[in-house]
Amino acid sequence: MRKILHVDCNNFYASVECLYHPEIRKYPVAVAGDPENRHGIILAKNMIAKKLGVTTGEAIWEAKQKAPGLVLVPPDYRKYLRFSRMAREIYSEYSDQVEAFGLDENWIDLTDSLQYLHSDPVSIANSIRERVKRELGITVSVGVSFNKIFAKLGSDLKKPDATTVIPYETFRDLVWPLPVSDLLYVGPATKKKLQLVAVNTIGDLARYDRELIRWKLGKYGEILHDFANGLDTAPVRRIGESEQVKSVGNGITCHRDLQTDQDVLLVFQVLADSVAARLRELGMKAKGVQIFLRDSALASCTRQKQMEMPVCTSVPLVDAAMDLFHSYWRWQRPLRGLGLSAINLVVGSGKDTFQLSLFDDDVERMLSLEKLEKTVDWIRFRYGHNAVLRASSLLDKKLTGFSPKEDHTIHPYSYFR
């Protein structure tokens, strides 16, 4: 039987900010986006704000109504990355199987290392809690179980600074009475679908007919049915284990509504610069492009197309994005947000990724673009992002004055990757 921990840093962003600003610790604190740039939602909150009802994802004005005197702090992902790395260094002393799930959560598989640690999983979980508190100044909650899903569920049950055990022998007694929404990947939409067929608890889902749940939710329903029955066998990745990157993308909620094709082009150019630079860092190229559009009524859609040849430069990404945009969008409404992703990725650089072609000029043009943009990468690395900018960015500095490669939000990794 496997012995797996899930370690969750409590109120992570807010806890780190309170370390840097001890004068605000006694107040309700929330890390929030910039309302002037229409990112005005709560990203994280401290325990005081949480007790007052502040929730992640709600609008700042709603949070202020619940918590008068709420202290708002802008996010600083560089600090959060630093603390995330330091926490993982602690975890890695107990096992070489440590898998991140976002910045603030990690699974640790102790199965093969217990014989060397001369301890038990609960004692190790408590040791990790104490070490993180003492060495980093933040608290964590730890779930201990026989698979990844229930270990995560355990870390969610008691917060802050707690250890919760869900053993194989009694998991039905502990887990099945819980709301089905407590299970990983049962979000609001899935919860509503399950409630329509009288599935309200994890136990209801576990006992439900497998074929019927597949009919209701497809293959995804079968996976959730297995989760509820404790049948998760997904391994915890080893440190440094390679993982295939399937796409690279960036998106933005714009400073103002986009009204014209020119507005869209300016934003796509900034996004493509970031996506192309990230591709080059990974040593990869894209054989396809996908765009994401969200209008002023918050309706959204995605469109994608294949490229004529694999690319890692911004110009062909922008051209493909605008082709997609022109073929679909009819300006029924202004646009509020855009996204651009490189998809169908291949590993390689230079001529390695180009097929032999009669049109050698195209290949040479792409190689020249790569060389040029790699030079820009070096200048920006040495002197900062703003050392080299497109002249078009001067047309609307508020619309283009962001660096998604440096500032993009880091979202949790998918469990199903």
Practice problem: Indicate, with yes or no, if the rings of Phe171 and Phe146 have centres closer together than 6.0 Å. | Solution: yes
Quiz item: Is a side-chain N or O of Ser274 found less than 3.5 angstrom from the main chain of Val270, in a donor-acceptor match?
Solution: no
Exercise. Identify, with sequence neighbours excluded, every residue that meets side-chain contact (heavy atoms from CB on, under 4.5 Å) alongside Ala44.
Key: Tyr13, Val31
Quiz item: Is the shortest side-chain N to carboxylate O distance from Arg333 to Asp257 below 4.0 Å?
Solution: no
Quiz item: Can you tell me how far OG of Ser95 sits from NZ of Lys3, rounded to the nearest 0.5 angstrom?
Solution: 14.5 Å
Exercise. Report, as yes or no, whether the 6.0 Å neighbourhood of atom NZ on Lys191 holds more than 12 heavy atoms from other residues, nucleotides or ligands.
Key: no
Quiz item: Once you round to the nearest 0.5 Å, how far does CD1 of Ile42 lie from CD1 of Ile60?
Solution: 5.5 Å
Self-check item: Close side-chain approach of Asp104 to Phe83, heavy-atom, < 4.5 Å
Solution: no
Quiz prompt | Contact summary for Phe150 and Ile166, nearest pair of heavy atoms | solution = O-CD1, 3.4 Å
Self-check item: Parallel, tilted or perpendicular: rings of Trp107 and Phe101 (30°, 60°)
Solution: tilted
Exercise. Report the residue from Asp8, Asn10, Thr164, Asp156 that forms a side-chain hydrogen bond (donor to acceptor under 3.5 Å, both in side chains) with Ser141.
Key: Asn10
Self-check item: Nearest heavy atoms of Thr139 and Pro160, plus distance in Å
Solution: OG1-CB, 4.0 Å
Quiz item: Looking at side-chain heavy atoms only, is the closest gap between Val142 and Ser155 below 4.5 Å?
Solution: no
Quiz item: If you measure from CD1 on Ile223 to CG on Leu217, what distance do you get to the nearest 0.5 Å?
Solution: 10.5 Å
Quiz item: Is a donor on one side and an acceptor on the other found under 3.5 Å between the side chain of Lys287 and the backbone of Gln306?
Solution: no
Quiz item: Can you tell me if Asn46 uses its side chain to pair, donor with acceptor, with the backbone of Val29 under 3.5 Å?
Solution: yes
Quiz item: Do Asp319 and Val315 come within less than 4.5 Å of each other through their side chains, counting heavy atoms only?
Solution: yes
Practice problem: Evaluate the side chain to side chain contact (heavy atoms under 4.5 Å, CB included) criterion for residues Ile108 and Ile124: first the C-alpha distance (whole Å), next the side-chain angles of each, then the deciding distance (0.1 Å), finally the verdict. | Solution: CA-CA 11 Å; Ile108 308 171; Ile124 292 172; over 6 Å; no
Quiz item: Any side-chain heavy atom of Val275 within less than 4.5 Å of one from Val289?
Solution: no
Quiz prompt | Atom of His225, atom of Ala206 and distance for their closest heavy-atom approach | solution = NE2-O, 3.2 Å
Quiz item: Going through the checks in order, is the side chain to side chain contact (heavy atoms under 4.5 Å, CB included) test met by Lys50 and Met47?
Solution: CA-CA 5 Å; Lys50 184 176 182 179; Met47 192 55 63; 4.0 Å; yes
Quiz item: Heavy-atom count around Lys193 NZ within 6.0 Å, excluding the residue itself: above 12?
Solution: no
Practice problem: Check for a donor-acceptor pair, side chain of Asp295 on one end and backbone N or O of Ala299 on the other, with a separation under 3.5 Å. | Solution: yes
Quiz prompt | 4.5 Å side-chain heavy-atom contact, Val264 and Trp329 | solution = no
Quiz item: Where the side chain of Glu105 meets the backbone of Gly102, is there a donor-acceptor pair that is under 3.5 Å apart?
Solution: no
Quiz item: Does the Arg25 side chain pair with the main chain of Cys18, one donor and one acceptor, at a distance under 3.5 Å?
Solution: yes
Exercise. Return the minimal non-hydrogen interatomic distance between Val318 and Phe268, and the atom names on each side.
Key: CG2-O, 3.8 Å
Quiz prompt | Student check: side-chain heavy atoms of Val140 and Tyr91 closer than 4.5 Å | solution = yes
Exercise. Say whether Asn126 and Ser123, considering side chains only, have a donor N or O and an acceptor N or O under 3.5 Å apart.
Key: no
Quiz prompt | Chi angles and distances behind the side chain to side chain contact (heavy atoms under 4.5 Å, CB included) call for Tyr94, Leu5 | solution = CA-CA 11 Å; Tyr94 297 89; Leu5 309 184; over 6 Å; no
Practice problem: Output the distance between atom CG (Asn229) and atom CD1 (Ile202), rounded to the nearest 0.5 Å. | Solution: 11.0 Å
Practice problem: Identify the two heavy atoms, one from Leu224 and one from Leu205, that lie closest to each other, and give their separation to 0.1 Å. | Solution: O-CD2, 3.6 Å
Exercise. Check step by step if side chain to side chain contact (heavy atoms under 4.5 Å, CB included) holds for Asp112 and Gln97.
Key: CA-CA 9 Å; Asp112 295 333; Gln97 288 180 264; 3.9 Å; yes
Practice problem: Please round to the nearest 0.5 Å and tell me the distance separating atom CZ of Arg303 and atom CG of Leu324. | Solution: 9.0 Å
Practice problem: Look at atom NZ of Lys66 and say whether more than 12 heavy atoms of other residues, nucleotides or ligands are closer to it than 6.0 Å. | Solution: yes
Quiz item: Less than 4.0 Å between a side-chain N and a carboxylate O, is that true for Lys45 and Glu58?
Solution: no
Quiz item: For Ser314, does its backbone N or O pair with a side-chain atom of Glu373 as donor and acceptor, under 3.5 Å?
Solution: yes
Practice problem: Find the distance between CG (Asp182) and CG (Leu157) and round it off to the nearest 0.5 Å. | Solution: 6.5 Å
Practice problem: Might you point out which heavy atoms bring Ile4 and Ala151 nearest each other, and give the distance in Å? | Solution: O-CB, 3.8 Å
Quiz item: Does the distance from a Lys or Arg side-chain N to an Asp or Glu carboxylate O, for Arg280 and Glu370, drop under 4.0 Å?
Solution: no
Quiz item: Any side-chain heavy atom of Ile90 sitting closer than 4.5 Å to one from Leu136?
Solution: yes
Quiz item: When you look at Glu281 and Arg278, which way does the salt bridge (charged side-chain N to carboxylate O under 4.0 Å, His left out) test go after all the steps?
Solution: CA-CA 5 Å; Glu281 281 186 359; Arg278 293 169 64 195; over 6 Å; no
Quiz item: Are Leu282 and Leu345 close enough that some pair of their side-chain heavy atoms sits under 4.5 Å apart?
Solution: no
Quiz item: So with a 6.0 Å cut-off around NZ of Lys305, is the heavy-atom count from everything else above 12?
Solution: yes
Quiz item: Between the side chain of Asp204 and the main-chain N/O of Thr201, is any donor-acceptor distance below 3.5 Å?
Solution: yes
Quiz item: Looking at Tyr80 versus Tyr77, is the centre-to-centre ring distance below 6.0 Å?
Solution: yes
Quiz item: For the side chain of Arg330 and the backbone of His326, is there at least one donor-acceptor N/O pair under 3.5 Å apart?
Solution: yes
Quiz item: Between Glu99 and Arg237, is there a donor-acceptor pair closer than 3.5 Å when you use the side chain of the first and the backbone of the second?
Solution: yes
Self-check item: Tyr20 OH: over 12 foreign heavy atoms closer than 6.0 Å
Solution: yes
Quiz prompt | Whether over 12 other heavy atoms sit under 6.0 Å from Lys26 NZ | solution = no
